[in-house]
Protein chains: 2
Amino acid sequence: MAAAEPFQRVNRESTAGLITRQLREAIMYGRIAPGAQLSEAALAAQFGVSRGPLREATQRLVQEGLVRAEPNRGLFVKELDAAGIRDLYAARIAVEAAAGRMIIRGHSAEAVAKLRTAYDAMQDAAERGELAELSDADLHFHEVLVDSAGSPRLQRMHKTLMAETRMCLTALQGTYQDPEDQVAEHRRIAEAIAAGDADELVEAVELHMQEALDRLVPG
Amino acid sequence: MAAAEPFQRVNRESTAGLITRQLREAIMYGRIAPGAQLSEAALAAQFGVSRGPLREATQRLVQEGLVRAEPNRGLFVKELDAAGIRDLYAARIAVEAAAGRMIIRGHSAEAVAKLRTAYDAMQDAAERGELAELSDADLHFHEVLVDSAGSPRLQRMHKTLMAETRMCLTALQGTYQDPEDQVAEHRRIAEAIAAGDADELVEAVELHMQEALDRLVPG
DNA sequence: CCTTGCAGGATTGTTGACAATCTGCAGATG
DNA sequence: CATCTGCAGATTGTCAACAATCCTGCAAGG
């Protein structure tokens with residue numbers, strides 16, 4: 001037997017998995033408009049597969065909540081109204097605050113380092129005025145936050161929430177007045193974790209989400 | 001047109017939906033053993049449907065995390081090891097604590113009343129020594145807690161978590177030394193919400209989950 | 001004794017066709 | 001002219017058969 005593992009397991013993703021990922025991305029980045037109908041036949045033709053695997057892919061998206069299925073009517077890309085967005089961010093507060101608490105409990109220096117790297121990347125993008133890059137770095141920060149908690153279930157929940165978040169963000173790229181504020185909010189979260197201050201963490205997360213909400217929904 | 005609506009909308013749930021529900025229940029209550037393989041052909045025959053809808057149903061369960069799919073191998077009921085159970089309860093803390101906080105913020109008297117009703121039902125079952133009923137009332141309490149928060153996303157997450165919790169509980173029915181303790185823990189959660197004390201709430205939820213964990217995983 | 005190659009059997013993955021259902025429009029009817 | 005009825009078109013829901021893949025056991029060779 002080889003001591004190390006020089007070869008990684010051959011990863012043949014299922015057809016449905018591939019399609020799911022492509023569709024999810026298309027929805028996330030707004031290439032398919034919210035409210036648009038997804039025709040199984042048309043999509044199957046585009047992907048060059050039969051309706052079976054395609055159906056499997058769409059069903060996954062339905063359960064993720066990105067697509068709404070009306071029986072015998074069709075599939076529609078979900079639209080987010082104000083209430084939906086508020087709920088989305090409430091759920092993100094729940095998941096991300098919990099992730100932060102778990103990191104604090106674990107006293108993981110590695111996690112703190114990763115978070116600092118993540119907001120350094122944001123800072124860098126902000127200073128260079130690369131708003132698209134900053135937006136990606138922003139999402140990446142939150143991904144790192146939840147991944148570092150090491151909870152598969154929180155991760156899975158968060159993945160779905162981030163897809164929806166990306167949907168919102170597409171409509172709203174760069175509405176921060178000052179990119180520095182954006183970076184600062186994330187730094188506060190990371191440093192609260194570094195300091196092991198759970199209360200401060202929760203407050204920082206809630207403030208961050210509230211800021212985002214205020215930009216997204218006027219009311 | 002009729003002024004009132006004497007007929008309720010005919011609810012034709014999709015075949016896949018029906019099968020999903022039945023399978024989920026079978027897994028939740030341990031009628032299908034953890035680790036057991038699910039044969040598509042055999043199940044399709046049992047349900048009297050073709051493999052198409054059945055496949056759709058199993059895929060949903062896969063995404064819920066109750067079933068694990070190995071490509072070209074088959075479907076297996078997920079087994080929960082100690083780490084999995086710990087993660088499950090960590091996720092429940094995240095969701096339920098967040099739900100409680102949301103209720104506190106909303107100052108909903110109705111939610112508090114419902115929670116009190118829920119633990120009264122537990123108390124009742126406990127006094128009569130009906131352990132199975134007590135277990136159901138226990139789960140119901142947590143369901144009420146999250147439903148009262150009025151967050152569709154938290155609700156969806158929680159539903160999955162509760163299915164897994166039920167799986168654990170099947171193996172562990174009635175390991176509370178004193179049913180009164182079980183009731184008391186829930187009462188503490190409800191009253192923390194009633195009092196609007198977020199910190200006390202979080203502590204109560206964490207303690208409750210820790211108690212459950214201690215019973216489930218010896219380590 | 002251990003490794004390698006090969007059928008056998010079983011399971012999943014995929015496909016194209018068929019049936020059921022819904023929507024919208026044209027035409028009939030009062 | 002307004003309203004209802006029936007038909008056409010399109011879409012999803014379902015099915016049974018085919019193809020590809022994987023595991024198991026056994027035998028041959030080093």
Side-chain angles (χ1 to χ4, degrees), chain A residues 1-3 7-23 26-27 32-79, chain B residues 1-3 7-23 26-27 32-79:
Chain A
M1 298 288 181
F7 298 112
Q8 61 182 349
R9 179 177 188 136
V10 48
N11 191 12
R12 277 193 301 122
E13 201 174 359
S14 75
T15 311
L18 285 165
I19 298 174
T20 305
R21 204 144 40 81
Q22 289 202 45
L23 273 180
I27 294 174
I32 305 179
Q37 180 167 14
L38 300 176
S39 159
E40 289 187 1
L43 285 177
Q46 279 189 42
F47 282 109
V49 297
S50 146
R51 274 180 51 218
L54 183 122
R55 219 179 139 75
E56 199 172 310
T58 55
Q59 288 299 333
R60 289 193 201 179
L61 295 177
V62 168
Q63 219 188 0
E64 283 183 23
L66 277 124
V67 168
R68 171 174 46 91
E70 294 187 19
N72 288 319
R73 286 289 317 280
L75 301 161
F76 302 86
V77 179
K78 206 174 225 174
E79 322 181 57
Chain B
M1 294 289 182
F7 298 111
Q8 61 182 352
R9 177 174 189 140
V10 49
N11 190 12
R12 276 192 302 120
E13 198 176 359
S14 76
T15 312
L18 285 165
I19 297 175
T20 305
R21 205 143 38 81
Q22 289 202 46
L23 273 180
I27 293 174
I32 304 179
Q37 180 167 14
L38 301 176
S39 159
E40 289 187 1
L43 285 177
Q46 279 189 41
F47 282 109
V49 297
S50 141
R51 275 180 50 216
L54 183 121
R55 218 179 137 77
E56 198 172 311
T58 55
Q59 289 297 334
R60 288 192 200 179
L61 295 178
V62 168
Q63 216 184 6
E64 284 183 21
L66 269 89
V67 170
R68 171 175 45 90
E70 293 186 19
N72 288 318
R73 285 292 314 279
L75 302 160
F76 302 87
V77 179
K78 207 175 225 175
E79 322 181 57

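A note on names: the letters A, B, ... follow the listed sequences, proteins ahead of strands, and every chain is numbered from 1. Given the structure is predicted, the values throughout are model-derived calculations rather than measurements.
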* To do: Kindly give the heavy-atom pair with the smallest separation between A57(A) and I19(A), and that separation in Å.
  =>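 Of all heavy-atom pairs spanning A57(A) and I19(A), the closest is CB-CG2, 3.6 Å.
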
For atom [atom1] of [X] and atom [atom2] of [N], their distance in whole Å:
X      : N       : atom1 : atom2 : result
E56(A) : dT15(C) : CD    : P     : 12 Å
Q59(A) : dG13(C) : CD    : C1'   : 17 Å
N72(A) : dT21(C) : CG    : P     : 8 Å
L38(B) : dT12(C) : CG    : P     : 9 Å
R55(A) : dT15(C) : CZ    : P     : 15 Å
I19(B) : dG13(D) : CD1   : P     : 14 Å
E70(B) : dG13(C) : CD    : C1'   : 16 Å
L75(A) : dC22(C) : CG    : C1'   : 14 Å

* Of all of residues 45-53 of chain A, which get a heavy atom below 4.0 angstrom from DNA chain D, listed by number? ->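 Those residues are R51(A).
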
Taking side-chain contact (heavy atoms from CB on, under 4.5 Å) as the test, write out the residues that go with [X], two or more places apart.
X      : value
A45(B) : none
A41(A) : S39(A)
A26(B) : R31(B), I32(B)
E56(A) : A16(A), R60(A), R55(B), Q59(B)

* When rounded to the nearest 0.5 angstrom, what is the spacing between CG in L61(B) and CG in L38(B)? ->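 Between L61(B) CG and L38(B) CG, I get 8.5 Å after rounding to 0.5 Å.
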
* Which of the following nucleotides, dT11(D), dC22(C), dT21(D), is nearest to the side chain of R73(A)? ->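 For the R73(A) side chain, the nearest candidate turns out to be dC22(C).
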
* To do: Using side chain to side chain donor-acceptor pair (under 3.5 Å) as the criterion, list what pairs up with Q63(A), not counting sequence neighbours.
  =>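 E64(B).
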
* **5'-most by nearest nucleotide on DNA chain C - T15(A) or Q37(B)** =>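 Looking at DNA chain C, the more 5' nearest nucleotide goes with Q37(B).
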
* Asked: Do any pairs count as a salt bridge (Lys or Arg N to Asp or Glu O under 4.0 Å) and have a residue in residues 42-54 of chain B, sequence neighbours left out, and if so which ones?
  ->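 Found E40(B)-R51(B).
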
* Out of L23(B), T15(B), L18(B), which residue meets the side chain to side chain contact (heavy atoms under 4.5 Å, CB included) rule with F47(B)? ->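 With F47(B) as partner, side chain to side chain contact (heavy atoms under 4.5 Å, CB included) holds for just one option, L23(B).
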
* To do: Give me the bend of the helix from dC1(C)-dG30(D) to dG30(C)-dC1(D), using the axes of the five pairs at each end, rounded to 10°.
  =>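 One end axis against the other gives 10°.
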
